[in-house]
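To find a chain, count down the sequence lines: A is the first, B the second, and so on, and within it residues start at 1. Hydrogens, waters and symmetry mates play no part in the numbers below; they use all other heavy atoms, side chains included.
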Amino acid sequence: MPQYMEQKKYTYPKEEKLKSRNTIDLMFSEGRSVSKYPLRLVYVPLPVTNESPIKVGVSVSKKHFKKAVDRNYFKRLLRETYRHNKHLLLENIPGNYAFMLMYQTKDRLSLEEINTKTIQLFEKFIIQLKQQ
RNA sequence: GCCGCAGGCCGCCUUAUCGCUGCGCUAACGCGCGGAGGAAAGUCCGGACACCAUAGGGCAGCAUAGCGGGUAACGCCCGUCAUUCCGUGAAAGCGGGAGAGGACAAGUGCAACAGAAAGGAUGUACAGGUAAUGCUGUAGUGAAAUCAGGUAAACUCUAUGCGGUGAAAUGCCAUGUAUACCGGCAACUAAGAACUGCCCGUUCAAUGCCGGGGGGUAGGCAGAUAGACCCCUGCAGUAAUGCAGGGGCCAGAUAAAUGAUAAGGGUCCCGCAAGGGAUACAGAAUCCGGCUUACAGGCCUGCUUUUUAU
């Protein structure tokens, strides 16, 4: 295991899960987004509270995968890559944020490919955030 | 042993690392123990459970249809008979399979070929008969020719059953903001209402603050995970199934956990070998009973045929 992996917390606890229907509606109506095909990240700033500074959900469209097993599988992979790369977000956001990570292709990418794309996506997000 | 058919069952395992979720323990860090299916699927039937509706009766609609049994219930399951198919046989019979099967003596519709004619039918020949007439018989075609013809997985009729919605049901708690209403305090006149036509005054209203408070949004809790439950044994029954005794606890999430990765091992396929490949269908969403559909590979039981050995 590389050195850095021991230092960071690769967790995805309940408090970090995006559950509020209203927040999700807000994100899709007023949020901004970045894409790194085939992934897409939608985000919106939240008011600062005592809760977790970050709220994250994942999404795989029924349009791309008809069977529930496939959707579950790719949602798990998205959670996995979020877990391993969430420090990129936590170290760079100025306040509280909500995110939705979306998988937008019918192709069955491997975990390794998705992981690479996720890192690129997060870096792209950070650049966009700094430009504002 | 092989092939085929029928029925039933199972449907990957281990370790490590990083994670998720429920419960228990702990002051805490954490630790321990559980954690998808036979179809979880299609949402096609039947229930349980809720709420709404409901005097009684009828119409419409939908479903079912030999007989007997099982069940909480069913359109499901079991048994059995008519009928029918296949094999065998001279036949009787024997073995195996199918088996939605009430009524055509209410009405309507439909019917290949053959045939004069197939449904308000009746020609020809011969024979018989009458006041008269296909009135009667035979020949001829056909499965069927006035025989109460056939056909209802044809309309239809008969009998029986069925109220609707569906866990986003339903019940409860409730922060913030605004607020019906109630109480207290403060303040005060420019306007309002009443006593009263006017002035003063009083009361109300109005304003601000504080407190109470109903409904109720976000959200939360219950519903919701111990049950027509599972396993074993015995008894009753041809069976479906029932009864008795003993043992067991087996997901409970809610934008939704039950995973990801790596290594090793099973099993099967290809190959002389090294080795390579495959490991299905598929993801709980209130819960049960069925039906239907999907499924790599493997196992078991029974029967038929054939081969070899005894």
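Base orientation at B:rA36 is syn, since its O4'-C1' glycosidic dihedral falls within 90° of 0. B:rG38 takes the syn form, because its glycosidic angle lies no more than 90° either side of 0. Base orientation of B:rC110: anti, since the glycosidic angle falls outside 90° of 0. Within 90° of 0 lies the glycosidic angle of B:rC147, which makes this nucleotide syn.
The phosphate of B:rA256 (OP1 or OP2) has a side-chain N or O of A:Arg79 nearer than 4.0 angstrom.
Without hydrogens or angle criteria, A:Arg40 side chain to A:Met102 main chain gives no donor-acceptor distance under 3.5 Å. The backbone N or O of A:Tyr12 lies less than 3.5 Å from no partner atom in the side chain of A:Arg83, so there is not a single donor-acceptor pair. Of the possible polar contacts, none joining the A:Asn115 side chain to the A:Leu111 backbone as a donor-acceptor pair under 3.5 Å is found. A donor-acceptor distance shorter than 3.5 angstrom exists from the side chain of A:Lys124 to the backbone of A:Ser35, with no hydrogens or angles considered.
Nucleotide B:rA255 holds its C1' atom 7 Å from the NZ atom of A:Lys75, rounded to whole Å. The distance between atom CG of A:Leu18 and atom C1' of B:rU254, rounded to the nearest whole Å, is 14 Å. Straight-line distance from the CD atom of A:Glu16 to the C1' atom of B:rG19: 12 Å, rounded to whole Å. Counting to the nearest Å, the C1' atom of B:rG220 and the NZ atom of A:Lys19 are 12 Å from each other. Rounding to whole angstrom units, NE2 of residue A:His84 and P of B:rA262 are separated by 12 Å. Distance, A:Ile24 CD1 to B:rA256 C1': 11 Å, rounded to whole Å. Put simply, NZ on A:Lys55 is 12 Å from C1' on B:rG219, counting in whole angstrom units. Across the protein-nucleic acid pair, A:Phe74 atom CZ and B:rA260 atom P stand 11 Å apart, rounded to whole Å.
For B:rC110, the paired base is B:rG150 (Watson-Crick or G-U wobble, both distances below 3.5 Å). Base pairing of B:rG259: its partner is B:rC18, meeting the Watson-Crick or G-U wobble criterion (both donor-acceptor distances under 3.5 Å). Base-pair partner of B:rC62: B:rG161 (Watson-Crick or G-U wobble, both distances under 3.5 Å). Pairing partner, B:rG7: B:rC300, with both Watson-Crick or wobble hydrogen-bond distances short of 3.5 Å. Across all strands shown, nothing is found opposite B:rU310 as a Watson-Crick or G-U wobble partner with both distances under 3.5 Å. Base pairing of B:rU207: its partner is B:rA186, meeting the Watson-Crick or G-U wobble criterion (both donor-acceptor distances under 3.5 Å). Under the Watson-Crick and G-U wobble criteria, each requiring two contacts below 3.5 Å, nucleotide B:rU83 is paired to B:rA98. Of the nucleotides present, B:rU88 is the one that pairs with B:rG93 by Watson-Crick or G-U wobble criteria, both distances under 3.5 Å.
Where A:Arg83 and A:Ser59 each meet RNA chain B at their nearest nucleotide, the meeting point lying more 5' is that of A:Arg83.
Contact annotation: side chain of A:Arg76 to base of B:rC20, donor-acceptor pair absent below 3.5 Å.
Across B:rA256, B:rU261, B:rG19, the shortest atom-to-atom separation from the side chain of A:Leu111 is found for B:rU261.
For the C1' atom pair drawn from B:rC291 and B:rC74, the interatomic distance equals 11 Å after rounding to whole Å. Separation of the P atoms belonging to B:rA144 and B:rG115 is 16 Å when rounded to the nearest angstrom. One P atom belongs to B:rG297, the other to B:rA278, and the distance between them is 14 Å to the nearest Å. One P atom belongs to B:rA65, the other to B:rC45, and the distance between them is 15 Å to the nearest Å. With P as the reference atom, B:rU54 and B:rC76 are 36 Å apart, rounded to whole Å. A distance of about 13 Å separates the P atoms of B:rG220 and B:rA253, rounded to the whole Å. For B:rC229 and B:rA72, the C1' atoms lie 15 Å apart once the distance is rounded to whole Å. Nucleotides B:rC157 and B:rC59 have their P atoms positioned 11 Å apart, rounded to a whole Å.
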Any N/O pairs under 3.5 Å between the protein and nucleotides 21-30 of chain B? List them or say none.
| residue | atom | partner | partner atom | Å |
| --- | --- | --- | --- | --- |
| B:rU21 | OP1 | A:Lys14 | N | 3.4 |
| B:rG22 | OP1 | A:Lys14 | NZ | 2.6 |

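If you check the side chains of A:Thr116 and A:Glu113, you find no donor sitting under 3.5 Å from an acceptor. Of the N and O atoms on the side chains of A:Gln128 and A:Tyr43, at least one donor lies less than 3.5 Å from an acceptor on the other residue. For A:Glu16 and A:Tyr82, the side-chain atoms include at least one donor-acceptor pair closer than 3.5 Å. Between the side chains of A:Thr11 and A:Lys86, a donor-acceptor pair is found at a separation under 3.5 Å.
Within a heavy-atom distance below 4.0 Å of RNA chain B, the residues of residues 63-73 of chain A found are A:Lys67, A:Ala68, A:Val69, A:Asn72, A:Tyr73.
The CD atom of A:Glu80 sits 11.0 Å away from atom OG1 of A:Thr118, with the distance rounded to the nearest 0.5 Å. With rounding to the nearest 0.5 angstrom, the CG atom of A:Leu39 is 9.0 Å from the CD atom of A:Gln120. We find the CG-NZ distance between A:Leu101 and A:Lys75 to be 12.0 Å, quoted to the nearest 0.5 Å.
Under the side-chain contact (heavy atoms from CB on, under 4.5 Å) test applied with A:Phe122, the options A:Leu89, A:Asn92, A:Thr81 reduce to a single match, A:Leu89.
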